Amino acid sequence: MKSNKVEKDERTAAIQKQSYAVAYWIMIFSILVDIAFRAFMRQEASWDLFAIVFLGSGIATVYQARARIMNIGCLKLGLISVAVAAVTAVVIVLIRLTR
């Protein structure tokens, strides 16, 4: 007898995509915490980890832009994030120079 069980439907795909998004954010912010720990506690440069964060975020952004799903809110949030990152980088450099 043949089973009519559905292995995967739209709901399953949506939940999988959401779980991947949550996992992505957890990994990205974990890497950023590790970068901060290395910089402040161990006095190490973490440019390789920054590259992973930028590459992963850049790929996601380009993919969404090509699919034309980004709106003005996404653009504003991205610009604010870049501005905050730039200010934070300047503050870190100034702190490091005064030591």
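Heavy atoms only: backbone and side chains are in, while hydrogens, waters and symmetry mates are out. What you are looking at is a predicted structure, and each value in this text was computed from that prediction instead of being measured.
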Test side chain to side chain contact (heavy atoms under 4.5 Å, CB included) on Phe40 and Ile92 and set out the steps. CA-CA 10 Å; Phe40 291 114; Ile92 290 172; 4.1 Å; yes
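- Glu44 CD: more than 12 foreign heavy atoms inside a 6.0 Å radius.
- Once rounded to the nearest 0.5 Å, the distance linking CZ of Arg38 with CD1 of Ile35 reads 8.5 Å.
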Go through the steps for Thr88 and Val84 under the test side chain to side chain contact (heavy atoms under 4.5 Å, CB included), then give the verdict. CA-CA 6 Å; Thr88 304; Val84 168; 4.1 Å; yes
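- Rounding to the nearest 0.5 Å gives a distance of 15.5 Å between CG of Leu32 and CZ of Phe37.
- Taking each heavy atom of Ile95 and Thr98 in turn, the nearest pair found is O-OG1, 2.8 Å.
- The CD1 atom of Ile26 lies 12.5 Å from the CD1 atom of Ile31; values are rounded to the nearest 0.5 Å.
- For the residue pair Tyr24 and Ser57, a side-chain donor N or O sits within less than 3.5 Å of a side-chain acceptor on the partner.
- Atom CG of Asp34 and atom CZ of Arg42 lie 8.0 Å apart (nearest 0.5 Å).
- Taken from CZ in Arg66 to CZ in Arg68, the straight-line distance is 10.0 Å, to the nearest 0.5 Å.
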Given Arg96 and Gln43, is the side chain to side chain contact (heavy atoms under 4.5 Å, CB included) satisfied, shown in steps? CA-CA 10 Å; Arg96 297 286 301 236; Gln43 306 298 317; 3.6 Å; yes
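- Residues Leu79 and Ile72 share a single hydrophobic cluster, defined by chaining ILVMFWY side chains whose heavy atoms lie under 4.5 Å apart.
- Residues Val53 and Leu49 share a hydrophobic cluster, clusters being chains of Ile/Leu/Val/Met/Phe/Trp/Tyr side chains in contact below 4.5 Å.
- For the atom pair CD1 (Ile15) and OH (Tyr20), the distance works out to 12.0 Å, reported to the nearest 0.5 Å.
- The aromatic rings of Phe29 and Trp25 lie parallel to each other, their planes meeting at an angle below 30°, with 60° marking the opposite boundary.
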